[in-house]
Amino acid sequence: MAEKEIAKIYEPKDVETKWYREWESKGYFHADALSAKPPFSIVIPPPNITGVLHMGHALNNTLQDILCRWKRMSGYNVLWMPGTDHAGIATQNVVERQLAAEGKNRFDVGREAFIARVWQWKKESGGQIIGQLKRLGASCDWERERFTMDEGLSRSVREVFVRLFEDGLIYRDNRLINWCPRCHTALSDIEVEHEEQKGHLWYLRYPVTGSDRCLVVATTRPETMLGDTAVAVNPADDRYRDLIGGSVRLPLVNREIPIIADDYVDMEFGTGVVKITPAHDFNDFEVGKRHNLDIINVFDESGVINAAGGQYEGMERFAARRRIIADLTAQAFLEKITDHTLALGGCYRCKTVVEPYLSLQWYVKVKSLAEPALAAVMGDNPRTRIYPDQWRRNYIDWMENIQDWCISRQIWWGHRIPAWYCGQCGKITVTRVDPVICGSCGSDGIRQDPDVLDTWFSSALWPFSTMGWPDKTPELAAFYPTSCMVTGFDILFFWVARMMMAGIHFMGDVPFREVYIHALVRDAQGQKMSKSKGNVIDPLTVIDSYGTDAFRFTLAAFAAQGRDIKLAEERIAGYRNFANKIWNAARFALMNLEGFDPDPVKYEDLRLSEGEKWILHRLNETVRETNRALDDYRYNEAAMGLYQFTWSEFCDWYLELSKKELYGDDQERKRAARYVLWYVLEQLLRLLHPFMPFITEEIWQTLPGKKPAPSIMLAPYPTPRDDRNFPEAATNMEKVMAVISAIRNIRGEMEVPPSKEIAVILSCASSESLSLMKHNEGAILSLARVADLAIGRDIEKPQDASIQVAGDVQIFVPLRGIVNVEEEEKRLGKEITRFDKDIDFLGKKLDNTSFVERAPADVVAKEREKLAEFTGKRRLLEESLEKIRKLK
RNA sequence: GGGCGAAUAGCUCAGCUGGGAGAGCGCCAGCCUUACAAGCUGGAUGUCGGCGGUUCGAUCCCGUCUUCGCCCACCA
């Protein structure tokens, strides 16, 4: 470290760009498929090309990067496969909005030109999230970056579609599906988000034919009455039994429709009479099938009433509702309106209320795919383990109740369905290569299905399509199945479940060995972050103001399993301070390591102090804990352990302890101190690197000594070292630290300013303590700021001294001129009361014969010890208090 | 309607397999002690949501209730 002054405050910005560029350009992120090292692979949940980095991405990718950096340093051949998703509906929406701004729609420009325009948009602005992931420090193998619509992945999609079709697992059917009237496309069941809303139940009178009775039906959607083709009652319902087989006349429409009986009708609900609209309700559709009812579709694809709606044709569905209610009211067909809450389905892309809509769509038959995907997570040793376990239950429930997957979408941006219809024979041709003639009759009058595949169809193949499938590639051989999938629970069904099905079916093995499901990032109040609420914290703004490392560390420290993260900005500031603390500890070290070369140092020859042994021992324990925690995805525990070690032990204690050695003249001691300082810091930086990649690299590069690698990200991750375990020394040091703390406590309580040096007498009750305290005299002198220290066996307490007890050491601080007698009296009183409580508690516990008899012997012994210790201390304090009182 | 999760210091949260609770921020007191005031030292604060049960012993296990949150579900 040169004479150049290092800034007191860590400035992340330049450091981050500098090192990221270095890592990437040197190819440190690149995985070699032919490496001899054991593989560790993760495929990134590909962000949408329309995406900008939000908190969810930041958390997700930070957690992945921590794993990747940790494993890479631990000797694995790490592949983190990156890429982006074409995000069919979302991306199409973006470009359609652009067109709308120009006063056009996609039909004006035509399919080909529209798709060209989407590609153009992708080229210009589709990659920004990749740059943002880089700012986050993501160590992805960018050389392998893929896109769900690139050539290779499109080939995988085509292959999968054809094979499933050939196996009879893909079929076409005409049934009710969820339809978004705004996106003009079908949606799968899970793409519909249900939300509870306050609505109404309208009770409508349907006059019974040939009678002056009316049947009253309750409905939440009165406008669909235009498509009613029956009313239904429960066959067991005595109220209506006589009317079954009869008919009613549909108001406004004047259509005569039958009264049918069906078990589906709940007698308890509403009036026990249900209007049946097979074209616009999933239940009614089933009822209609059972009873062979007509299906009258009254909407067009935009949710506007069509010709079947007679006088209401051309009205938007909600306008039609208002009008129809008004008309029914006017004609006395409306009996009453009651409040009713219902779960309305909305499009997950645009929130528009979806419409059950009859149409011809493509489906994947999932039953046979789901079975092995279910089996793979079952048992004590599942092929794929889901963390935390609670999510396994969710996965299982969903897989067990899985419905066929509607995969066709009526949009233009996506993988076009490789099916051609013959105008001659009407047969379908599905092939790997675009056909020119019908596969059945040879006619050239074929045309391709206009629909594209659900975006999640290609996502399902991601773990193997990105590695070159269907070819047999070295990547697949080396990295499939992947080691781990890190993702949020919101796409457990959309994505994880489908990757499982596809992976097992096409690769013959699960796509990943482990799945780690992390939580959602919310605001400090626990609200979901959303633009409309205005509570969004932008990760990039956070990075700008606090630095990437602080931000990453915050996310890791918050990432407790199974719990959402409530992110408050103050916390990030707290970890920014932590980064700064590391920075300043490094400044201290570098200043004191000037001219020091650790390489020739023989560790075995060093004469280590108690404090040095203690910090080495604690480092070893921290190493052990960090590795163990990361192994179990306990990111928060790993982060908190490192935080505590760094700040409370390394900085607060060790650095302070080291000063007297570093500043002293004993060259042998100095050498040991420098070595330990260098060693612990060097190891600590490696431990922290997966969490805080930039600052650790910046400091690490300036440390003296020969580097094991050109970058800290390639240096071996610390593992515990047997030659650095000092359990005994560590315990001893803790005793010394307790004495120092006790002296500081007197100082603090007595308000003795740090500038005022004091005299202290230590009275030890054992020879062990005596030699320990003598041995660590220097530490006590400097850390407790003591000028005059006397240490002896069983020293009589001076009359006018303040007392503290630490283990079997009594600490006397002569009062005269320093301590206020009243203050001391108060302090002692407080301490005594505190002991009284514990003594009382322990006494009662030990008096309880069933405790003494039944509790394990070691627990009882421990409690006895504690009682004796407390009683002893209390007695000392009591004596001291009496003496003090005499002084008054 | 089914399932899951949460309730711990003023706030945000830890607390792995039961032996009378921790952190950060905030608060109080004293400090510019030559790495760091984004800092140092000391201190205060909790019927661990309520009620039962199991146990020698429960923040932790079981039951139940209350209050929040989430997921799934075709009750019109």
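Heavy atoms only: backbone and side chains are in, while hydrogens, waters and symmetry mates are out. Every chain is numbered from 1 and lettered A, B, ... according to where its sequence line falls, protein lines coming before strand lines.
Taking side-chain N and O atoms only, His280(A) has no distance below 4.0 Å to OP1 or OP2 of A76(B).
Closest approach of Pro704(A) and Phe596(A) over heavy atoms only: CB-O, 3.3 Å.
Nucleotides U47(B) and A21(B) have their C1' atoms positioned 14 Å apart, rounded to a whole Å. To the nearest whole angstrom, the two P atoms, one in G46(B) and one in G52(B), are 23 Å apart. To the nearest whole angstrom, the two C1' atoms, one in G30(B) and one in G18(B), are 41 Å apart. U67(B) and G26(B) are spaced 26 Å apart, taking the C1' atom of each and rounding to whole Å.
Interatomic distance, CG of Leu59(A) versus NE2 of His518(A), reported as 4.5 Å (0.5 Å rounding).
Aromatic pair Tyr516(A)/Tyr633(A): centroids less than 6.0 angstrom apart. In summary, the aromatic rings of Phe494(A) and Tyr348(A) are positioned with their centroids under 6.0 Å apart.
Base contact: Arg576(A) has a heavy atom under 4.0 Å from a base atom. Residue contacts for Tyr663(A): at a heavy-atom cut-off of 4.0 Å it reaches the sugar-phosphate backbone alone, with no base atom in range. No contact: Val852(A) has no heavy atom under 4.0 Å from any strand. At the heavy-atom level, Glu193(A) lies nowhere under 4.0 Å from the strands shown.
For the pair Val860(A) and Lys845(A), the minimum side-chain heavy-atom distance is 4.5 Å or more.
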Discussion item. Each nucleotide in nucleotides 22-33 of chain B should get exactly one letter: B, S or -. Can you fill that in based on protein heavy atoms under 4.0 Å?
Written reply: -SS----S-S-B

Practice prompt. For Lys13(A) and Asp544(A), run side chain to side chain contact (heavy atoms under 4.5 Å, CB included): C-alpha distance rounded to whole Å, both residues' side-chain angles, the deciding distance at 0.1 Å, then the answer.
Written response: CA-CA 8 Å; Lys13(A) 201 147 227 155; Asp544(A) 283 338; 3.3 Å; yes

Fill in: RNA chain B base-pair string [pairs: Watson-Crick or G-U under 3.5 Å; |: paired with another strand]
(((((((..((((.....[..)))).(((((.......))))).....(((((..]....))))))))))))....

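Taking 3.5 Å as the limit, the base of C36(B) and the side chain of Lys8(A) contain no donor-acceptor pair of atoms between them.
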